[in-house]
Number of protein chains: 2
Amino acid sequence: MATLETKRATGLTISDVAQETGLTSHTLRYYERAGLLAGVERNGSGHRRYTSEDVEWVILVTRLRATGMPIRLIRRYAELVRDGEGNEAERLALLEAHRAEVVARLDQLHRNLELIDYKIGLYRERACDVGAR
Amino acid sequence: MATLETKRATGLTISDVAQETGLTSHTLRYYERAGLLAGVERNGSGHRRYTSEDVEWVILVTRLRATGMPIRLIRRYAELVRDGEGNEAERLALLEAHRAEVVARLDQLHRNLELIDYKIGLYRERACDVGAR
DNA sequence: GCTTGACTTAGAGTGCACTCGAATCCCTAC
DNA sequence: GTAGGGATTCGAGTGCACTCTAAGTCAAGC
């Protein structure tokens, strides 16, 4: 078994990263296949070894997913980052467009939450009443 | 073609309701099959005729869907409503549980939005800088 | 009376994001 | 040296919520 020392030198295994990010190894491989992760380094026997930068990136990906950004947009963003400098404007545009969608979704969620609260109020106030649906 | 008068008397057609709710006729039939809508009345030739109460209910369903309540829970709720009085406590519990989930999701969304804002900030402030990912 | 178009049904297909299976490989411990 | 456990790959399977197709029925307008 690799010591912490060794891991620091050679990078984390896929199950280390799975544990740290809350994803499964399956999902990590799926993300890599889908182009969300730049090529992760391999050791002599072909096993993935993740750097801490890789892990940071994976965490960013999970956050973007958690806000509902679809895989294909995250891939686009990842591609831009991989292509390096010169496309920052496009990256910014992509993030801003997504931000706008998240804000819109938050608004809608807040509004619909009010309806739920209204219904809950009905059931609480007139629990023995007839017509509440 | 049915006049508005006629429609008021006989109920709305599926495409009327589709238009009014933003769903498609397909989705309305799907919801009915899935047990989300109590049996909608039919006219002589077997076509659905929706009452305004039906439409109200459909709108409530769309709002619950918009907050991410899964079909199976909406079905459960619809069943309770159909069963009539006596189960208000369960309806309330169902709505409150869902409310808690929505609130949790809102929180998480807010937190992740902050990360997006942070990234956007990076690109705005140091658009010409190197290391921003 | 016949076309047009909206409606009906059962059931198949789609898109998304995983999620899992099977076969195989390889390092470690006994 | 061999069993175990985890890694690899490709590709198939799953779950959800629609979304659409095909075959057929029916009412209204020309």
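Throughout, protein chains are lettered first and strands after them, A, B, ... in sequence-line order, and every chain is numbered starting at 1. The model shown is predicted, which means the values in this text are computed figures rather than measured ones.
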With a non-hydrogen cut-off below 4.0 angstrom, is B/R29 in contact with a base, only sugar-phosphate, or nothing?
base

Given C/dA17, D/dA17, D/dA7, identify the nucleotide with an atom nearest to the side chain of B/Y30.
D/dA17

Please state how far atom CD in B/E41 lies from atom P in C/dT8, giving the value in whole angstrom units.
14 Å

More 5' along DNA chain D: B/S45 or A/I14, using each one's nearest nucleotide?
A/I14

Intermediate values then yes/no, side chain to side chain donor-acceptor pair (under 3.5 Å), B/R91 and B/Y77
CA-CA 6 Å; B/R91 292 188 216 170; B/Y77 185 59; 5.7 Å; no

Hey, which of these two, A/R65 or A/H47, hits DNA chain C nearer its 5' end, going by closest nucleotide?
A/R65

Options D/dA7, D/dA27, D/dA17, nucleotide nearest the side-chain atoms of B/I71
D/dA17

Please confirm whether the shortest side-chain N or O distance from A/Y31 to OP1 or OP2 of C/dC18 is below 4.0 Å.
yes

Does a salt bridge link A/R63 with B/E114, judged by any charged N lying under 4.0 Å from a carboxylate O?
no

Quick one: is B/S15 getting a side-chain N or O under 4.0 Å of the C/dC7 phosphate, OP1 or OP2?
yes

How is A/R42 classified with respect to the nucleic acid when contacts are heavy atoms under 4.0 Å: base, sugar-phosphate, or nothing?
sugar-phosphate

A/R33 has a side chain; which of C/dA17, C/dT19, D/dT8 sits nearest to it?
C/dT19

From CZ of B/R72 over to P of D/dT14, roughly how many Å is that when rounded to an integer?
18 Å

Just checking, is any N or O donor in the side chain of B/H47 or B/T13 under 3.5 Å from an acceptor N or O on the other one?
no

A/R75 CZ to C/dC18 C1', in whole Å, measures 14 Å

Any chance you could measure B/Y31, atom OH, to B/T21, atom OG1, to the nearest 0.5 Å?
9.0 Å

List in chain and number order the residues that pass side-chain hydrogen bond (donor to acceptor under 3.5 Å, both in side chains) with A/E20, two or more places apart in sequence or in another chain; answer none if no residue qualifies.
none

Measuring from atom CG of B/L106 to atom CZ of B/R111, what distance do you get when rounded to the nearest 0.5 angstrom?
11.0 Å

Using whole Å, what does the distance between atom P of nucleotide D/dC16 and atom CG of B/L64 come to?
18 Å

May I ask you to list the residues of residues 19-28 of chain A, by number, that have any heavy atom positioned under 4.0 Å from an atom of DNA chain C?
A/H26, A/T27

What is the distance from CG of A/L12 to P of D/dG6, rounded to the nearest Å?
17 Å

Take the protein atom CG of B/L36 and the nucleotide atom C1' of D/dC16, then report the distance between them rounded to whole Å.
13 Å

salt_bridge(B/R76, B/E79) N-O dist < 4.0 Å:
yes

Under-4.0 Å side-chain N/O to phosphate OP1/OP2 contact, A/R48 with D/dA7:
no

